[in-house]
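Down below is the structure, laid out as C-alpha cells.
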Amino acid sequence: MRMYDLIKKKRSGESLTREEVQFMIREYVADNIPDYQMSAFLMAVYFQGMSEEETLAMTQEVAHSGEMVDLTAIQGVTVDKHSTGGVGDKTSLIIGPIVAACGVKVAKMSGRGLGHTGGTVDKLESIPGFQTTLTRESFFDVVNKVGFSIIGQSGNLAPADKKLYALRDVTATVDSIPLIAVSVMSKKLAAGNDCILLDVKTGSGAFMKTVEDAITLAEEMVAIGENAGRKTVALITDMDIPLGRNIGNSLEVIEAVDTLKGHGAADLTEVCVDLAANMLFLGGKGSLTECKAMVHEVIDSGAAFDRLVAMVEAQGGDSAVILDTDKFAKAPYVHEVKALKSGYITWMDTESCGIVSSMLGAGRETKDSEIDYAAGLILHKKVGDFVEKGDPLATMYASREALFSEAERRYEEAIRIEDDREEEKPLVYARVTRDGIERLA
Ligand code: URA
C-alpha cells in the first residue's frame with residue numbers, strides 16, 4: 001500500500017477501506033508517512049468529506065493508537081459528557097455532582113484551556129491542593145465512592161489525534177466537520193465510558209458558528225458513537241453569549257457552587273438541567289421528564305452540592321473554599337467596566353469575552369504559560385439587558401492594574417448597545433439521537 005495512492009483516491013472523492021485507514025494511521029504514528037503527505041490527505045478530506053464507514057474506521061484507529069481505558073472496575077453505568085468548548089462553560093463542575101447524586105457514575109477526563117476557551121482541569125486546580133492526576137486505581141476508587149471524578153486527560157489517550165491536530169492547526173484543516181468528529185470521538189471512545197452526551201456549541205464563541213453546521217457535526221459524532229457500540233446523544237446549545245456570568249478559573253468554580261446551591265444564573269442552570277437530564281436518560285434512569293425532576297430534586301435537597309464537596313476532598317482539595325467561596329484567594333486588583341451609553345445590549349462577541357479573560361491572566365497564550373487562578377471577569381449585563389450610561393457592565397479581576405486598560409478596550413468593542421431590544425435566543429436548539437434530529441427551537 002502507498003500513501004500516494006490513498007491521497008489520490010481521496011482527492012477524487014472515493015472512500016478509503018478500513019484496511020487503508022488502518023495502514024495510514026499506523027504508519028503515520030510510526031513516522032513512516034511524512035507530514036507533507038498527511039497534510040495533502042487532510043486537505044483532500046476537507047474538500048471531499050468522508051463516508052460514515054470511513055469516519056468510523058478512522059475514529060477507531062485513532063482511538064486505538066494509545067491507551068483504551070478500561071472502566072470495568074467501576075460499578076454501574078458510566079456516562080461521559082463532552083463540550084465542544086466555549087466561554088464561561090463550567091457545566092462539567094455542576095453536572096458531575098448532579099448525575100452522581102442521582103446514581104449514575106461519571107468518570108471524566110478533561111482538558112486544559114487554550115486560546116479563548118477555558119478548561120475544566122484548570123478550574124479545578126484553582127481549588128488549593130486539588131489533584132487532577134490520579135493513578136487509575138485512585139480514579140476508579142473516587143468514582144465508586146463519590147459517584148464522580150474529574151482528572152486530566154492522560155498523555156497516552158489517542159496520541160494519533162495529538163499529531164493530526166497539530167498538523168491540522170497549521171494546514172488550515174481544523175474546521176472540517178468529519179475531522180473534528182474523528183478527533184473528538186477518538187478521545188471519547190478511548191476514555192471507555194458506556195454512554196456519551198455531546199454538548200455541541202454554536203454561535204460566536206464556538207467552533208460551529210451556525211446551528212446547521214452544529215447539527216451536521218452532532219449527527220456525525222452520534223453516528224460514530226452508536227456504530228462503535230456507545231449510547232450517544234447530542235444537544236446543540238448556544239454559545240453566542242457567554243454561559244452564566246463568571247469567566248475565569250476560581251470565579252467559575254464559585255459560580256458552579258452557586259448553581260448547585262440553587263441560585264445560579266438562569267441560562268447556566270437551564271443548560272445544566274437539560275444536560276444532566278440527558279445523561280441520566282442515557283444511564284437508564286427513566287424518561288427525560290422523570291430525569292429532569294430527579295435533577296431538580298438533588299439540587300433542592302443539597303445532595304448534588306454534597307457530592308462536589310466529597311469529590312474535592314477525595315482528590316486532596318481544600319473543601320473549605322467550596323463550603324465558603326469567600327475563602328478563595330482574591331485578585332489584588334479589581335476594576336469596573338461602565339456602559340458608555342444607555343440602551344439594550346444586542347450583541348456580545350463571545351470569543352472576545354474569553355480573550356479578555358485570558359488578557360487578565362486567566363488563560364494561556366501558549367501551552368506552557370502560567371495562569372492566574374483568581375483572574376477573570378464577572379458579567380453584570382448580557383444580551384437582552386437594559387443599561388443606563390455609567391451602569392457597571394462587568395467587574396474585572398487581575399494581579400496587575402496595568403492589565404485593565406487593554407482588556408477594558410477589548411471588552412467595550414465586544415459589546416453592542418442599541419435602542420431596540422433583540423429577540424431572546426434559545427439556549428438549546430436541538431437534540432440529536434440515532435433516530436434523528438428533534439428541533440427544540
Ligand atoms: N476539539 C477537538 O478535540 N478536536 C477538534 O478537532 C476540534 C475541537
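In each ligand, atom 1 is the first atom listed, and ligand 1 is the first ligand listed.
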**Item:** Set of residues satisfying salt bridge (charged side-chain N to carboxylate O under 4.0 Å, His left out) with respect to K81, sequence neighbours excluded
**Value:** none
**Message:** Residues around ligand 1, heavy atom under 4.0 Å from any ligand atom, sorted by chain and number. Can you pull those?
**Reply:** Y165, R168, I180, S183, V184, K187, F207
**Request:** Would you confirm whether K292, through its side chain, and V273, through its main-chain N or O, come within 3.5 Å as a donor-acceptor pair?
**Result:** no
**Request:** Please report the closest heavy-atom contact between S250 and F328, naming both atoms and the distance.
**Result:** CB-CD2, 3.6 Å
**Asked** Do the non-hydrogen side-chain atoms of R168 and S183 ever get within less than 4.5 Å of each other?
**Response** yes
**Asked** Is any side-chain heavy atom of I254 closer than 4.5 Å to a side-chain heavy atom of V321?
**Response** no
**Request:** Indicate whether the side chain of Y28 and that of D35 have a donor and an acceptor atom separated by less than 3.5 Å.
**Result:** yes
